[in-house]
Number of protein chains: 2
Amino acid sequence: MTAAANHNLTRRLGRAGIRDVAAAAGVSITTVSDALNGKGRLPDATRLHVREVAERLGYRPSAAARTLRTGRSGLIGLTVTTYGDEPFTFTEFAYFAEIVRAATSAALDRGYALVILPGSSQHCVQDVWSNVALDGTVVIDPAEHDPVVTELHRQGVPVVSDGNPGSTPVRAWVDNDHEAAVLKIMEHLTEAGARRIGLLTGTSTDTYTRLSTNAYLAWCESVGQDPVYETYRAHDACASAGAADRLLSRPDRPDAVYGLFDPNGTDLLSAARRYGLRVPDDLLLVCCSESDAYTATDPPVTTLSLRPRQIGTTAVQLLIDAIEGEDTGAPLQQIVPTELIVRASSQRRPARSTVSPPRAPGRG
Amino acid sequence: MTAAANHNLTRRLGRAGIRDVAAAAGVSITTVSDALNGKGRLPDATRLHVREVAERLGYRPSAAARTLRTGRSGLIGLTVTTYGDEPFTFTEFAYFAEIVRAATSAALDRGYALVILPGSSQHCVQDVWSNVALDGTVVIDPAEHDPVVTELHRQGVPVVSDGNPGSTPVRAWVDNDHEAAVLKIMEHLTEAGARRIGLLTGTSTDTYTRLSTNAYLAWCESVGQDPVYETYRAHDACASAGAADRLLSRPDRPDAVYGLFDPNGTDLLSAARRYGLRVPDDLLLVCCSESDAYTATDPPVTTLSLRPRQIGTTAVQLLIDAIEGEDTGAPLQQIVPTELIVRASSQRRPARSTVSPPRAPGRG
DNA sequence: CGATCAAGGAGAAACGTATTTGCATCGAAT
DNA sequence: ATTCGATGCAAATACGTTTCTCCTTGATCG
């Protein structure tokens, strides 16, 4: 009597295991495993027979057991900074949502599933993180010496980051060239006739804010313009409007503005309306956003897209390459180009049909 | 010599396991497990000592082993219908994104992680689904006799659905009352002065479309209005504009329209512009959308929100209750109320300050 | 003084799979 | 006729936990 047959007598409950299949097919566990996974040397007859029996019994291999045995779970993590209770920052919502969407898709395409995990600041981090077996993780915008990344690295879990990881040890990373993006926008506005370009930026010290602001300052220096900018707490949903207002009420009011964050566009638009400034005639406007809301504003606003879909996809590709040990020769650092979507707000003399006529200043 | 100590001699590679901790602490494996999990009856001294040793060794329990042993993975699935390569339908993007966001958050709050999985139509479904051990799954908008749900049910995995599951066997479900929502909108438009209300609806047979359309037809019957509606393939990104155009070019042109899908708002707006119709003066407009783009259109458009955040949260709550066997007494079917966000497009005489003056019809 | 009991902890059996090793059998080659 | 390699499959082991059972040791009580 085989072990499988013996086992078969002892239990009748629960779902069918590999042992049940072996018993039912009259073969050993090994043979079942080999037949189902296409390994070993078995004649086609055996293979087919085993598969047929497995099918009939509705056998599904236990993911947990397989993971334990092979050390591979087929799961990759994605951590998104959480503020308060909600994952994803509100203001960067469309950006994160697109990344998640693209990353999920890219992972599924290669047979992996994606798990969304909380960022370092969560309370019950330890719990949830250590309760799931990950083959690798994508970390969005890791802080310098990020504890999550450090821990993962210690455990030998490959990490790919979105955003320059600094000295944090990651396998690869992907990012935009934020300096180049700012320069592109400055050039665009200049060509559209801007004389003094202002910036709406944040107070936080994350890489994106820092690099972009510095690029702006450097550009100012290079063209001999005095910097004109206002900062605000970018993660405070209400603060944007105030900053926009401050920027446009300055004595040295700019005739063009670039806003680094998503809500800046609408807030600048309504501030401009309050001060009787026509866009784009009196004020050129660009903001960084993934939202399609700016196709329908009055006027439509030129936006800079950071291409979150490509970022998500690329990060996952790099991660899975690392997991599977495929040295694809792809550079370990990939730069995703940004995309400037030019709309009416940054063109001085566009086709006028869709642009509102000048109107008297009123209370917005 | 204990088994743990014995083991300690034999292996020196890889990460620390529970055995290594036991050996280093001079206790048995059982004691380590109990100490770390707060079980068994141990004096605080032992507990502390074990924890300290575990910490020093950087011990992290293997999620796979724990899952295998306990039968619980701490993972819940979320399946989102995928079209082509991308998960989430484009037109319903904001809706799905909000559900995912809220579901993720709700899951994390209760110590679970969320895995996004492909819908039934994917090619490699079998692979990815059976490679991850799930404690339960939220299925969005399951089809009648959905194969994924059926299979999960067979495996004893609890399922909660968003949308009436019909005869598909789920543990609980959550949905909006789509009929009530349509009636609410009809009343709102009527109060705003609408005489003939039109509908922009889809050709597909999913529950949402069907229920909403039928509710509209029933309402027409009850008030004695001839139905005025156009249908289009709602998942075709470009088709909406054509349908909006058709609806407004009819001889029996409605003086108010409700659009069932997200893009309908902007498309109706530009169609109205093309035909020289002022919104809201000549045409009242409401559409179902989660996008905040409609706060910034000209004029802002009244939207119906299906409250995807509450849907996602509730679905996850119900699912985890089912997983943990907590009969909270909560009804197994929960209705999430919809929210009508009234903006200028459906108010005949609003505060006019932000509304554009009438303009001559032009080519949009 | 022997029996009872509680505290503290050790042993060992699962959980369900993948994999390594090894045992037969059989045809062909020496 | 013996050896040999190839073929088809079974047994056993390991993956790292959790948990059930049981053992030991002092202390308490009748």
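Letters A, B, ... are given to chains in the order of the sequence lines, protein chains preceding strands, and every chain is numbered from 1. Please read these numbers as outputs of a predicted model, since none were measured by experiment.
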| task | Look at the side chain of Thr31(A) against the base of dA10(D) and say whether a donor-acceptor pair falls under 3.5 Å; ignore hydrogens and angles. | result |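 A donor-acceptor contact between them is absent.
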
| query | Is a donor-acceptor pair below 3.5 Å formed from side chain Arg69(B) to base dT18(D), judging by atom type as modelled? | reply |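 Flag set: donor-acceptor pair detected.
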
Using a cut-off of less than 4.0 Å, is there contact between a side-chain N or O of [X] and OP1 or OP2 of [N]?
X: Lys39(A); N: dT19(C); value: yes
X: Thr46(A); N: dC9(D); value: yes
X: Arg41(A); N: dT7(D); value: no
X: Ser62(B); N: dG16(D); value: no
X: Arg19(B); N: dC15(D); value: yes

Per [X] side chain, nearest of listed nucleotides [options]:
X: Ile18(B); options: dT18(D), dT17(C), dC15(D); value: dT18(D)
X: Pro61(B); options: dG16(C), dT17(D), dT19(C); value: dT17(D)
X: Ser33(A); options: dT19(C), dC9(D), dC15(C); value: dT19(C)

Using modelled atom types and a 3.5 Å cut-off, is there a donor and acceptor pairing between side-chain atoms of [X] and backbone atoms of [Y]?
X: Asn37(B); Y: Asp34(B); value: no
X: Asp135(A); Y: Ser73(A); value: yes
X: Arg60(A); Y: Asn131(B); value: no
X: Ser105(B); Y: Arg101(B); value: no

| note | Contacts of Thr70(B) and Pro43(A) projected onto DNA chain D by closest heavy atom; the upstream (5') one is Pro43(A)

| When you match Leu68(B) and Thr30(B) each to their closest nucleotide on DNA chain D, which lands nearer the 5' end? |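 In this pair, the answer is Leu68(B).
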
| query | More 5' along DNA chain C: Ala65(B) or Gly26(B), using each one's nearest nucleotide? | reply |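 Upstream on the strand: Gly26(B).
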
Atom pair distance, as rounded to whole Å: [atom1] in [X] and [atom2] in [N]:
X: Arg47(A); N: dT7(D); atom1: CZ; atom2: C1'; result: 13 Å
X: Ile29(A); N: dA14(C); atom1: CD1; atom2: C1'; result: 14 Å
X: Leu36(B); N: dT18(D); atom1: CG; atom2: C1'; result: 12 Å
X: Asp34(A); N: dT19(C); atom1: CG; atom2: C1'; result: 9 Å
X: Arg66(A); N: dC15(C); atom1: CZ; atom2: P; result: 19 Å
X: Asp20(A); N: dG16(C); atom1: CG; atom2: P; result: 9 Å
X: Arg60(B); N: dT17(D); atom1: CZ; atom2: P; result: 12 Å
X: Arg72(B); N: dT17(D); atom1: CZ; atom2: C1'; result: 16 Å

| Touch check for Leu42(B), heavy atoms < 4.0 angstrom, all strands: base, sugar-phosphate only, or nothing? | sugar-phosphate

| said: What verdict does the side chain to side chain donor-acceptor pair (under 3.5 Å) test give for Glu144(A) and Ser167(A), after you've listed the backbone C-alpha separation in whole Å, the side-chain angles of each residue and the deciding distance to 0.1 Å? | reply: CA-CA 7 Å; Glu144(A) 188 74 10; Ser167(A) 61; 2.6 Å; yes

| said: So Val128(B) and Leu117(B), do their side chains get closer than 4.5 Å, heavy atoms only? | reply: yes

